[in-house]
Structure formats: structure tokens, C-alpha cells
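Written out below as C-alpha cells is the structure these notes cover.
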Amino acid sequence: MTPTPLRIGNFSGFYGDRSSALREMLTGGEVDVLTGDYLAELTMLILGRDRLKDPGAGYARTFARQLEDCLGLAHERGVRIVTNAGGLNPAGLAAKVGELAERLGIPVRVAHVEGDDLTAAYPGTLAAHAYLGGFGVAECLRAGADVVITGRVTDAALVTGPAAAHFGWGPGDHDQLAGAVVAGHLLECGTQVTGGNYAFFQDGDVRRPGFPLAEIHADGSSVVTKHPGTGGFVDTGTVTAQLLYETGGARYAGPDVTARLDTVRLRQDGPDRVRIEGVRGEAPPPTLKVGLNRLGGFRNEVAFVLTGLDIEAKAELVRDQMDVALAKAAPEEVRWELARTDRADADTEETASALLRLVVRDADPEVVGRELSGAAIELALASYPGFHVLAPPGKGSPYGVFDHVTVPHGAVSHVAVLHDGRRIDVDAPQETLPLSALPEPALPEPLPVGSTRRAPLGQVAGARSGDKGGDANVGVWARSADAWRWLVHELTVERFRELVPEARDLPVTRHVLPRLCALNFVVTGILGAGVASRHRFDPQAKALAEWLRSRHLDIPEDLL
């Protein structure tokens, strides 16, 4: 007898997401399991700093508040909850949830997963955590847990674990696991797959998108949808956008399986329903990724407002005036950025103004402290006309640095701690396959030569970008077969570098995904030492794709 599909929903895409989402998902329609993703590279750093102040902290406090309001409702409806809100302290959060259940008189079985914490092995880090897979979650659920708390598992593991438990999959069921990985990747960022942050957001009403859910089948195929009557929309475009988000090549590696993104087939299956089929899987790599978060030093920033005429000359003047203070302090890094946000003959003062940002960094907080920012304020009556800054002088603030290494599976103790206290060791996969790049697939014939018009790329292509450590990815997809034939030949690495000048001196890799009519560009090092280092104006590259879409090219008129 074929098992019934498993309906897995999401109620959190990051630490700070919509607090009412858990209740909305519990009351909005049928669902079997709800997942909450709270962890990102920056979140691990934040939780690490929390743990410095209080060794009993280190988890997402907002989850406990959400659960206080909804635990009884979840129990009443038989909905299991799986979340990585445990962060750096899954045992601590599991104990807190157990205390909450006892206080509310709700008979809930709480389990957790541990073994990801390798901080002791990496001196000098605030947090060093291996990315675990979903089989620890599966063990907890098979033993009857109602709530499963994890630390640093992969985002998709919150879905592969429940699916493996429900369908009885084992480590060798690569195709089924790969299908669940794709579904998990689509759900992990919540409303990003239901119209949020979507290039063509005007295709629907995205003022308050509903959170997504996936109907997962025994063969690993799935349908991504949302509860009836909720906002936003789900179509092949929103799914493609999220599928490309924070990925690289055709091989999407994880601790349980490597999913082949070049095998994914998408099909509209009705209103707000997209079917995902054909996903193939391969054995996972022989190593696990370990994310390393540490304090990188201290930074300070002054934003000078330059208004009206002679913007360049005003910027040059204040830079010259700050040279004395900068030479005296001698910070390790000094960066000036002039953002020409001003417009000629503007009808408001704000739109007549540009911003000149000074950012300094050093290992010593005193070097980038109040003395340096105070030197900027001392210029208030002695610099360019209209002098003012966006904030008063302040002391240097700490910033973080993210890096990653790999370790063999056997170097990590992956343990499921069941609701009754029993501990089950989760075996490392017996079959592994080192990652390697796939050859570039055959390209379609280019469009016939015809008349063109200068226009933004975004008129014929969507895009979404994100961060992975110091790197950024930009996924670009076409909305028609002809647009794909043009895009795949036009948007080369060289053209990408022309359109994104920040990438001109950086390694850029292009990956071609014909079934998605998509290209995925990975720009190595554009984010410096990661989001917590705040290396650039948009430190997580969230809007890099929209900048690319705004750039003008010669586009065939037939596509416009």
C-alpha cells in the first residue's frame, strides 16, 4: 500500500520572521509537520555572542514565545514541529520546551539532536558547527517525538528528516532523499517561495504572503503550495527563484545526499500548486561542512551627507580633512564609498543629497573609537557647505568573520536524544562520492540576428541573489524559450563582469541549468569575510540580482 503524502509546512525562514506564522499555519489548513528555520551564518554569530554573556543561552528565544501560544493547538491537531531554533544549545531549548509543556499541562514529547558543536576543536572561534543531515531528526520522530529541536543541521534536513521517518527511507534512497532536499530548500526561506522578494512581484498580491507547504510523496516528488485563502502566489517562477537561491552548480551537496539540480522538472499543477518531479540523487560527499564564526575585530562608520552642487569636490575636501586623523589613528583598513543618490534640480533636500561613507576597521577598539569618529564631528563648522552626518560619534563595534572547513563524517558524533532520554548514534553514510563539476550541457541554438533595443535585463529575465560566506550567487532565469535562447548566449561571464563592475577582478563561475532555463553565477569573495564583516553596502548580496536586472543591454525587440 502506497503511503499517504506527507504535508510539511514552514513557519519561519529566519530568526525574526513573522511571529504569527506558527498559528497561521496551524489554523489555515491541513498539515502534518511544521518546520521552523532560524539559523543563518550571521545568526550563529549572534547566538555565540549571547552564549558569551550567558552560557545557558545560545538558542532562538522567539521560538519559545511562539510555542507558548501554539503548543496546545499543535498537540490538539496532531501536528509535529521540527526546528533548528536550538542553535548552539539544542539541549537547553528542549529542556525549556519540556518545562513549558509541563507548566501548560500538555503531554508533549520533546527530543533533540546534538553533536554538531565542534567549537572546542577550533580555538578562537565563537561558534564552530558541522552541518548535520536529517537522520537524527528521523530517529526522534520514529520514537514518537512531537517536537524535535536541532542545532546546526542543513536547512533542508528539517524536511528530509520527517520525510525519511514517514516513508521509511534509508541512507541509500538517494533519489527520494534528493527530492526531499529540493522540497526542503524551497520551504526553508518561508514566503520567498510564495511571492516574497520575487522579481515579478507584481504578478500577484504579495502584501502578506502566506507561508508555504509541500506535499511530499513516497518517490520523493512533491507539490509546493500554500494554505487556501492566504496571500502571495506559487508558480513556476517563484519556485525557480527559490530553487536558485544560495546554490552553486548542478550538484547541490548535503550530508545525506547530493541533489542534482539539473534534473529538476517543474510543472504548474493548478492555482498556487507547482509539481516538482524527476530529481536524481547521488551519494553525499565524504566530508561535512563546518561553519566557523569568530570575532574579526572592531569597526566604526561615519556617513557624511553631501547636498546640492559640487558633490565630488565636497567629498574630496572632507577626505583631505580626515587624512590627519586617519594617519594618527592608523587603522588596519580604511574604506571610502561615495553613493551618488543625489538628483539634479531635486524637489526635496533628501533627493538632492549624496552619502559619503567612511568605514574603518582594526583589532583594537580604541583605534576605531570615539576619537576617530569625533574627528569627523570636529569638522562641522570647518568643512563643506551644508555639513552634517547621519549619526553622532560612537565607539567601535565588534564585527564577525565567517569561514568554513570540512571534516570527515566520522569526526562528528551525530546523536538523537529521544524524549525518554535514550541516546541513539546516527551512523555516517556508508556510501560517499567526492564532488566534481559536471560538464557544461549543450546549449540551444541562438536566436536569429534581428533588430535590438537598449533595455533593462529585468524586462526579459528574473533573478535572485544571496550569500554563502564571502561569496554571492546570482541566479538568473528566462520566462520563455526564446528568451532562454538569447540569455544563455548573451549573459556570459564576461558580460556579467561588465554589468557588475564589482566582480571584474573576482573569480566568477557560470553554471547552466537548461531545465530551469536558468544560469547561476557564483562570485567568489565579493562579500569579504561574510555578512557579519559588513564588507559592502549590501552585505548579504540580497539586492545584487535586482541591480543586475536594472542594467541595460541590447535585447532583441521580439522579446520586449
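We use all heavy atoms of the structure for the numbers below, so side chains are in, but hydrogens, waters and symmetry mates are not.
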Do the ring planes of Y198 and W477 sit parallel (below 30°), tilted (30 to 60°) or perpendicular (above 60°)?
-> parallel
Atom [atom1] in [X], atom [atom2] in [Y]: separation rounded to 0.5 Å?
X    : Y    : atom1 : atom2 : value
L261 : L244 : CG    : CG    : 8.0 Å
E99  : E102 : CD    : CD    : 8.0 Å
Q192 : Q242 : CD    : CD    : 5.0 Å

Charged N to carboxylate O below 4.0 Å: is that the case for [X] and [Y]?
X    : Y    : answer
D69  : R23  : yes
R273 : E215 : yes
D117 : R51  : yes
R109 : D146 : yes
D364 : R361 : no
R299 : E333 : no

Take R208 and E24 through the salt bridge (charged side-chain N to carboxylate O under 4.0 Å, His left out) test and state the conclusion after the steps.
-> CA-CA 12 Å; R208 189 177 175 85; E24 291 170 18; 2.7 Å; yes
Where V426 and A416 come nearest, the two heavy atoms and their spacing | CG2-N, 4.3 Å
Donor-acceptor side-chain pairing of Q176 and H174 below 3.5 angstrom | no
What pairs with Y122 under side chain to side chain donor-acceptor pair (under 3.5 Å), at least two apart in sequence or on another chain?
-> none
